[in-house]
Amino acid sequence: MMHKISKLVLSGVLLCGFIGVAQAESTREDYAIKFRKSGFMMMTWYMGPMGRMAKGDMPFDKALFARNAETLAFLSKLPKDGFIPGSGSGDTKAKAEVWSQADKFKAANDAMETETAKLAELAKGGNLDALKEQLGKVQKTCKSCHEEFKTKAAQ
Ligand code: HEC
């Protein structure tokens, strides 16, 4: 009995120690990096089926396209919140220009939000040709921001 209790206490102590270490190592900046990357990953996930429908690799499903477009428009508002000051180093590909050219970075975010909102609006109509064109405009906003503000390697 005694043995069991002391084992329990010991594992409790070890667990607390482990959590303590994990907290000490993960700063608010680290969480911010994980948060924004997760946001971009979620956006990519919802873009997938729309891209496949646009290419004809998947039958056009108006309701699914509309749901994904709406979700994408909402998600596009999130990653910017994760670019907090001081989060330019670590497991990130964000360039220093994100902070040194904050106005330009904001404009690039605004462009993405505008184009994804237009896509969501158009998706209610369900005209695939119009959606293809607008999806292309959305993809351009991703690409042009990446060219300016994202490196190929983690810094
Ligand atoms: C305003 C600028 C901007 C726009 C617009 C933008 N991105 Fe990014 N994206 C970034 C930056 C900066 C990073 C690097 C983030 C990091 O590593 O901290 C990134 C990273 C990513 C990543 C890698 C995430 C990871 O886990 O490393 C993906 C995927 C991605 N973006 C997809 C997209 C898609 C899809 C769009 C368009 C719908 C988009 N991005 C629009 C700036 C942008």
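Counting starts at 1 for both ligands and their atoms, following the listed order.
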Lys/Arg-Asp/Glu bridge criterion (N-O < 4.0 Å) met for Lys80, Glu113: yes
Residues which pass ring pair (Phe, Tyr, Trp, His ring centres under 6.0 Å) with Phe105, listed by chain and number, not counting sequence neighbours: Phe83, Phe149
Results of side-chain hydrogen bond (donor to acceptor under 3.5 Å, both in side chains) for Glu121 - residues two or more places apart only: Lys124
Lys/Arg-Asp/Glu bridge criterion (N-O < 4.0 Å) met for Arg36, Asp81: no
Donor-acceptor contact present, side-chain Asp30 to main-chain Thr27, <3.5 Å: yes
Can you pull every nitrogen or oxygen pair between ligand 1 and the protein closer than 3.5 angstrom?
residue, atom, partner, partner atom, Å
ligand 1, 7 (N), His146, NE2, 2.9
ligand 1, 9 (N), His146, NE2, 3.0
ligand 1, 17 (O), Thr92, OG1, 3.3
ligand 1, 17 (O), Lys93, N, 2.7
ligand 1, 18 (O), Arg36, NE, 2.8
ligand 1, 18 (O), Arg36, NH2, 3.2
ligand 1, 18 (O), Thr92, OG1, 2.6
ligand 1, 31 (N), His146, NE2, 2.9
ligand 1, 40 (N), His146, NE2, 2.9

Any residue meeting ring pair (Phe, Tyr, Trp, His ring centres under 6.0 Å) with Phe40, in chain and number order, not counting sequence neighbours: none
